[in-house]
Amino acid sequence: MKLDINITKKKRNSNWRITPFGDKTPTIKRRLRQYFKPIQTPYLMDVIFDELIDSYLATNVGVVKDFLSEKLSAHLAENLNLLYAGSKLISAGTGNDKLVNHDKLVRSDKIYWLDRVHNDVHENAFFDLMDSFIIYLNRTCYTGITGYEFHYALYEKDSFYKRHLDNFAQNGSRAYSMIMYLNTEVDGGDLRIYQHGGSQDISPNAGKSVFFKSTELEHEVLVTHLPRMSITGWLKVAVN
């Protein structure tokens, strides 16, 4: 059966839907509590999740500040800088696992795939946050998300990524693209998203998240004049 992964206002409601993530919410929110300021609670994330989803519904591009807390963003940026200093990042390519093309004229960023098996406390906190978001997204929008994949992305000075789509013709499992930015200082490196004959530029400020459908919107990363750091990835669905 083909999954309907369109988000619409008609489909949004407060009833639970069974998902692989469905029994984790209380535990996830307890683990995330350390990353919030005393005046906040992890349940504030539901408000932030709603803002991200509602802006997507309005414009096809969800944007929200403070998806990552200041504390978690700083820890993740520190991790990325340490990986870069230790030469752990690899040059990114285009295509899927079987058809990878490394063309520096198309993209010039470096990446490092995230995985819970690395057992990094802050990266696992990020995964907890994503689990919480997917629970909320599946519960309120019936998106049928079954998994995800994320990597650090570092654009060195003068790096870029030319206009492209995120979903591969050979593999349609990528449903939604998500980016979480880690930069406290920004000079260039905007995300430019194309739709309706025009474009929208989004600055890569720390904590901000961007969310859009992988199969529909072409986008590019403009040349950055400072190192540009993010976590980039995809929410995935089962495919036949």
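Start at 1 with the first residue, then count along the sequence. Computed from heavy atoms alone, side chains included, the values below leave out hydrogens, waters and symmetry copies.
With sequence neighbours excluded, the residues that form a salt bridge (charged side-chain N to carboxylate O under 4.0 Å, His left out) with Glu218 are Arg163. Checked against side chain to side chain contact (heavy atoms under 4.5 Å, CB included), Ile90 has the following partners two or more places apart in sequence or in another chain: Ile111. Residues passing the salt bridge (charged side-chain N to carboxylate O under 4.0 Å, His left out) test with Asp201 are Arg192, sequence neighbours excluded. Looking at residues two or more places apart in sequence or on another chain, you find a ring pair (Phe, Tyr, Trp, His ring centres under 6.0 Å) between Phe133 and Phe49, Phe67, Phe211. Partners of Tyr84 by ring pair (Phe, Tyr, Trp, His ring centres under 6.0 Å), not counting sequence neighbours: none found.
We find that Glu149 and Arg174 are joined by a salt bridge, their nearest charged nitrogen and carboxylate oxygen being less than 4.0 Å apart.
Within the structure, every pair that satisfies the ring pair (Phe, Tyr, Trp, His ring centres under 6.0 Å) test and touches residues 214-240, not counting sequence neighbours, is listed here: His151-Trp234, His164-His219, Phe212-His219.
At least one side-chain heavy atom of Tyr152 sits less than 4.5 Å from a side-chain heavy atom of Leu114.
Of the options Leu191, Thr232, Val186, a side-chain contact (heavy atoms from CB on, under 4.5 Å) to Tyr181 is made by Leu191 and by none of the others.
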Query - Check against salt bridge (charged side-chain N to carboxylate O under 4.0 Å, His left out), Asp128 and Arg116 - result: CA-CA 10 Å; Asp128 287 344; Arg116 280 194 186 269; 2.9 Å; yes
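Taking the ring centroids of Tyr155 and Tyr161, they lie at or beyond the 6.0 Å cut-off.
Asp120 and Asn79 are linked by a side-chain donor-acceptor pair at a separation below 3.5 angstrom, with hydrogens and angles left out of the test. Side-chain N/O atoms of Thr143 and Asn138 include a donor and acceptor closer than 3.5 Å. A side-chain donor-acceptor contact under 3.5 Å links Gln195 and Asn60.
Annotation: cation-pi geometry satisfied between Lys162 and Phe160 (NZ/CZ under 6.0 angstrom from ring centroid, within 45° of ring axis).
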